[in-house]
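Beneath this line is the structure, given in structure tokens, with notes to follow.
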Amino acid sequence: MESFLKGLNTAQKAAVTSKASILQVLAPPGSGKTKTLTSRVAYLLAHRGFSPQNVICCTFTIKAAREMRERLRGLVGGDLESKLMLGTFHSICRRYLVTYGHLIGIPNNFGIADSDDSLGIIKRLQKQLKFGMDPRAARNKISHRKARGQTIEKVNKTVSKTAEAQEFADIFRRYEDALATSNLLDYDDLLLRCVELLQRYPACVSNIEALLIDEFQDTNNVQFELMKLLASAKKRITVVGDPDQSIYGFRSAEIENLKRMQEYYPGTVVINLEENYRSSSAVLHLAQDVIEQDTERPSKRLKSTHCYGTLPVLRRLHNPHEEAAWIVSEIKRMTKLTGGCIERSDIAILLRSAFLSLLLEKALANAGIPYKMVGGRRFFDRVEVRIILDYLRTISHPDNSSALLSIINTPARKIGDATVAELNRAAEAAKMSLWTIVQQAVKGEAKLEKKLTKPAEQGLKELVTLIKRGQAKLKVFEPAQAPGQLIELVAKELHFLEYLKKQYQEDWEERWENVKELSLQARDVTLESLTAEDQLPEVDGVKQAKIQGAQEVLSRFLANVALSTEIESGEEGEAKSRITISTIHSAKGLEWPVVFVPAVYEGSIPHSRAEDTNEERRLLYVAMTRAKALLYMTLPVMQSRSESESILSQFLSSGIEHRLKDAGPIFDDKVVQDIATILGRLAPSQESLAKGVTMLEENESQYDDIWPLDGSPRAPSLTTVMEFPFSMLQQGQSLNDAMKSKTNFQQSAKYSTFPNSGFTTASHQMSSTSPHIEPVQIQQKLKSAASASSGQGSIATFFNNGTSKQQIEKENLPLPLPSKGPHVTTIHSGKPQPRIPTELSTHRPGLSTVHNPATTAKRPRPVLEETAESNKRAYACFSSSPIKETCNDTMVQHAMLDCIPEPPKYNTTMSSLQQHRSNTGPSSYKSGMLNTLSKPAALTTLSAMSVISGPVTKKTLGVRRSMNGWADRKNK
DNA sequence: CGTAAATGCCTTTTT
DNA sequence: GGCATTTACG
């Protein structure tokens, strides 16, 4: 049997070897979609004798394209895979337009307008025309129109009725004009113009023997047309998709395209893949229940191939800060308690909105957990990189006003808003490009209403000189090296290094590294794009445009950049121990053993601005089905900003309670064993499990019992006064003044139980601290840490650095009693609960060193014997919804164990359930006033802390330097 | 008067 | 990080 048929199930094999010329493979999550698609490519090459250069394979993301190429490399021999036309729709279209665009009047040195450019153009138009429409909305609307094939010609023909529609048509028209005068194509144009090309010159694709499309449910109408055209010669198409995972409606994707395709090609063969090889059936059941809330959806079965596993968790936390802190602590807990079975690279946090990463990044940084970001801002979008690229873009296409505008005063050269506005006005009036006007202005020839200020004129002169020098150099540079050399030229002329140092004192080094990385990239990309990548096979009778000269090379380099995504950060060694943060959208197609989905509240998911609730539900479905073994969803019951409450996402609030539990799992042998089985890994030894327990720090627990389950606050609200380090006050300074110095002590206090947390940006200074610190020094440090905006400072850090015992004792005051009457929150809010049964406390770290960890550390031993009975009773008593499906004994037992119902909220007395818990389960809260009155954990455990703080601090430092994220890059 | 630096608000998802 | 507004500076 062929190697690429090995390990395929019947349905997959049928799909791979199907003789059908039009084939649809419907592949739900985890059903081996990519495997099937790549195997089919290999099959087509090996058994049908197709040449790779005559096969097109379309994906939606560059990551997916890259992954497919990787996988194919292993499947097909030699360098066949490199000749394959494999890429995103946009990049394939770009290739055709570069090669054949001249046939329909597109110069082959066109630039590509990314969404920032598009937005910039529209913003300028809005300002000029004084229209009120939101620029983003306008851009989306334009894109939407274009994605449905509505060109400007059609818009021009229809007469707009309302003033609003007229305004829009006007903006649309001018936007298109702006693109044309700047010689730019936007993302939609790439597809649209390629359709136009292929309609008029079908010969360009006369060589194509087979077309394959991944994630077909995400295609829009233009892409549907493109499919027909690209395959027009032989009409052999394979598409793979899943309507349930359609999450790009906002980008005009049409789920209907699957049906349309069947109608358009009557002989279409459909193959369903139904077996899920990814997730535990607990995860799968939940996902299935959620997706089935959509009643319009044709019902579809998904068979699980894994054991039941652990119930997914829906965890309530008080606010987003605690949510982030809880996720961090849960990550630490699981990595330790699974005895090495789960490591950090197995964990992903998937977000509805990118900005949600902010708090998480801070919390992770504080805990010294390295992470990597997927999606979000690309390498090429980082400010420092963007600046250089915009210079290159200006040199390459000076009439591209958006690029020129973004660098006209960067670095600052005294050209302010007023000057720019005047130049723009003049350009508009003269119907000339901004660049033309700028050149005239420098020579004093421009017709300006207001004369330029002297400094502005000087600044403009410098700019013009630089751009012209770049253009001149372009004529003498070796074409292949032009981009790289230009980058160096620009960086040198701008004194860019000095600029970065001045502008970004905190992290200029990293930014400078990025610039160097860019110039490195420039060489690689250029060579690559000059060779195989871009070359379309010669087709009889159609003239190809040839690359000549440095201009074209530069222009292609910039086009490649516009269509590229982040390159993997090549920092070996570290990469494997990082957790992943990603948007749900860019997590599609990927999988992790452990997945967290924060912020599952109304307004976040479904998003408040979403038009299609079903699409939002599918988004959650996609997120959930990324998880192999453990799935966590979290909900901050309060919003941090306003004091408003948040409401659990409608997708999780009805009829699925029995699929969820409200606390993280107890990592007993059974749970760990199941995880190992699902992941196909060796179960960890008892020794490594026991060792994991000893790795817990003083303030950590074996159980998810540190934060209250009902989302009440973890710490008493009035901790500020008590926990503020009085000793840090300078003489004569009032507490209020100190508070004003911007450190958020309320926040710090909440986190002060993490002994190894540190200041994110002031870490360098902190680490070099000598053991003895005078209060004044501390105050200064406090300030510097506070002024670094990303610092989620922790007072504990000061203690780590050797604050005197005296200071600690001043701190060590009893916590105030909550002022409100008896309330569940008061029961739970006591921070310093003994979280581990007392008999285990001697085995906690710091103290346990005298013991042999492997023999003395206790883990949650009894799986069922002791607790199952009581839990079963609890289940029977409190659960409103019985378990639906029939399942085997193990499943029942596990479901029961997992299904401890939520405690009744806001009860004035302790419920019987809570009593039940405190008596039986280790995950229960030790209730009552006793804890509220006892000492704060962070302080009682201080002696142990000093033992562990040294190495921890060191470790986090090393990690932190290499951490890069979407947020926290603006600390000047 | 114009520019630059500081502050306070907000943030859907991607090629 | 973006954007609008305020404040300081020359």
Side-chain angles (χ1 to χ4, degrees), chain A residues 58-65 87-94 112-116 118-120 123 135-137 139-140 143 146-147 185-191 215 218-220 222-223 246-253 350-358 374-378 381-383 386 406 409-422 450 452-456 459 502-503 559 562-566 582-588 599 603-612 615-616 618-620 622-623 641 742 787 789-790 965-972:
Chain A
C58 284
T59 64
F60 274 80
T61 62
I62 293 157
K63 212 193 304 157
T88 62
F89 270 107
H90 293 86
S91 75
I92 285 171
C93 287
R94 194 203 110 251
I112 295 176
D114 62 23
S115 28
D116 283 352
S118 299
L119 196 61
K123 275 180 187 163
R136 268 166 209 283
R139 182 193 55 185
N140 291 345
S143 171
K146 289 171 94 167
L185 299 181
D186 68 12
Y187 287 133
D188 298 304
D189 286 331
L190 287 175
L191 306 178
E215 306 277 16
D218 291 333
T219 50
N220 63 29
V222 176
Q223 284 160 333
S246 163
I247 53 174
Y248 282 100
F250 71 92
R251 220 171 72 189
S252 314
L350 305 184
L351 311 164
R352 168 68 248 255
S353 308
F355 80 96
L356 291 168
S357 74
L358 230 131
V374 179
R377 279 208 106 55
R378 308 175 305 150
D381 281 341
R382 290 176 198 182
V383 248
R386 186 90 201 183
S406 58
N409 196 31
T410 318
R413 44 171 83 86
K414 307 279 180 198
I415 304 169
D417 293 344
T419 310
V420 173
E422 173 59 16
K450 284 175 273 182
L452 298 177
T453 63
K454 272 207 187 110
K502 184 171 153 270
Q503 203 77 10
L563 289 177
S564 101
T565 51
E566 179 98 32
S582 170
T583 59
I584 299 173
H585 282 90
S586 30
K588 187 152 81 152
S604 173
I605 186 161
H607 195 271
S608 49
R609 297 173 69 165
E611 285 167 19
D612 184 351
E615 177 156 315
E616 296 291 303
R618 293 194 292 268
L619 203 48
L620 183 59
V622 167
R641 217 169 258 290
K742 205 182 156 191
S787 65
S789 64
S790 68
W966 298 326
D968 291 341
R969 324 217 104 255
K970 56 172 176 179
N971 328 312
K972 290 187 188 177

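Within every chain, numbering begins at 1; the chains are lettered A, B, ... in the order of the sequence lines, protein sequences first and strands thereafter.
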*Is F250(A) stacked on the base of dT13(B) when the test is centres under 5.5 angstrom and planes under 30 degrees?*
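F250(A) vs dT13(B): stacking yes.
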*With sugar-phosphate meaning primed atoms plus P, OP1 and OP2, does F89(A) contact a base, only sugar-phosphate, or nothing at under 4.0 Å between heavy atoms?*
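F89(A): no heavy atom of the nucleic acid under 4.0 Å.
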*Reckon S604(A) touches a base, only the sugar-phosphate, or nothing at all at heavy-atom distances under 4.0 Å?*
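Counting heavy atoms under 4.0 Å across all strands, no contact is made by S604(A).
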Given [options], which nucleotide is nearest the side-chain atoms of [X]?
| X | options | value |
| --- | --- | --- |
| A418(A) | dG2(B), dT15(B), dT14(B) | dG2(B) |
| H90(A) | dT14(B), dT15(B), dT3(B) | dT15(B) |
| T419(A) | dT3(B), dA4(B), dT13(B) | dT3(B) |
| F355(A) | dG2(B), dT15(B), dT11(B) | dT11(B) |
| L358(A) | dA5(B), dT14(B), dT11(B) | dT11(B) |
| H585(A) | dG1(C), dT13(B), dT15(B) | dT13(B) |

*Measure the spacing between CZ of F250(A) and CG of N140(A) and express it to the nearest 0.5 Å.*
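F250(A) atom CZ to N140(A) atom CG measures 9.0 Å (nearest 0.5 Å).
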_Of R413(A) and R251(A), the one whose closest DNA chain B nucleotide lies more 5'_ =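 This one resolves to R413(A).
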_Residue closer to the 5' end of DNA chain B, N409(A) versus A562(A) (nearest nucleotide)_ =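 Nearest nucleotide further toward 5': that of N409(A).
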*side-chain contact (heavy atoms from CB on, under 4.5 Å) with L350(A): which of I584(A), L619(A), T583(A)?*
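Result for side-chain contact (heavy atoms from CB on, under 4.5 Å) with L350(A): I584(A).
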Separation of [X] atom [atom1] from [N] atom [atom2], in whole Å?
| X | N | atom1 | atom2 | value |
| --- | --- | --- | --- | --- |
| E422(A) | dC1(B) | CD | P | 16 Å |
| F60(A) | dT13(B) | CZ | P | 19 Å |
| L351(A) | dT13(B) | CG | P | 10 Å |
| H607(A) | dC10(B) | NE2 | P | 14 Å |
| I415(A) | dT3(B) | CD1 | C1' | 12 Å |
| L119(A) | dT14(B) | CG | C1' | 14 Å |
| Q503(A) | dG1(C) | CD | C1' | 14 Å |
| I112(A) | dT15(B) | CD1 | P | 13 Å |

*Beyond-backbone contact of T59(A) with E215(A), side-chain heavy atoms, under 4.5 angstrom*: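 No; the side chains remain at least 4.5 Å from each other.
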*Around atom NZ of K146(A), are there more than 12 heavy atoms of other residues, nucleotides or ligands at under 6.0 Å?*
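Count over threshold, so yes.
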*Looking at D114(A) and R386(A), does any basic side-chain N land under 4.0 Å from a carboxylate oxygen?*
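R386(A) and D114(A): salt-bridged.
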*Could you go through the side-chain contact (heavy atoms from CB on, under 4.5 Å) check for T453(A) and K414(A) one step at a time?*
CA-CA 9 Å; T453(A) 63; K414(A) 307 279 180 198; over 6 Å; no
_Just N and O in the side chain of T583(A): are any of them under 4.0 Å from OP1 or OP2 of dT14(B)?_
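Yes, such a contact exists.
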*Within less than 4.0 Å of OP1 or OP2 of dT14(B), is there a side-chain N or O belonging to S586(A)?*
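So the side-chain polar atoms of S586(A) do come within 4.0 Å of the phosphate oxygens OP1 or OP2 of dT14(B), strictly under.
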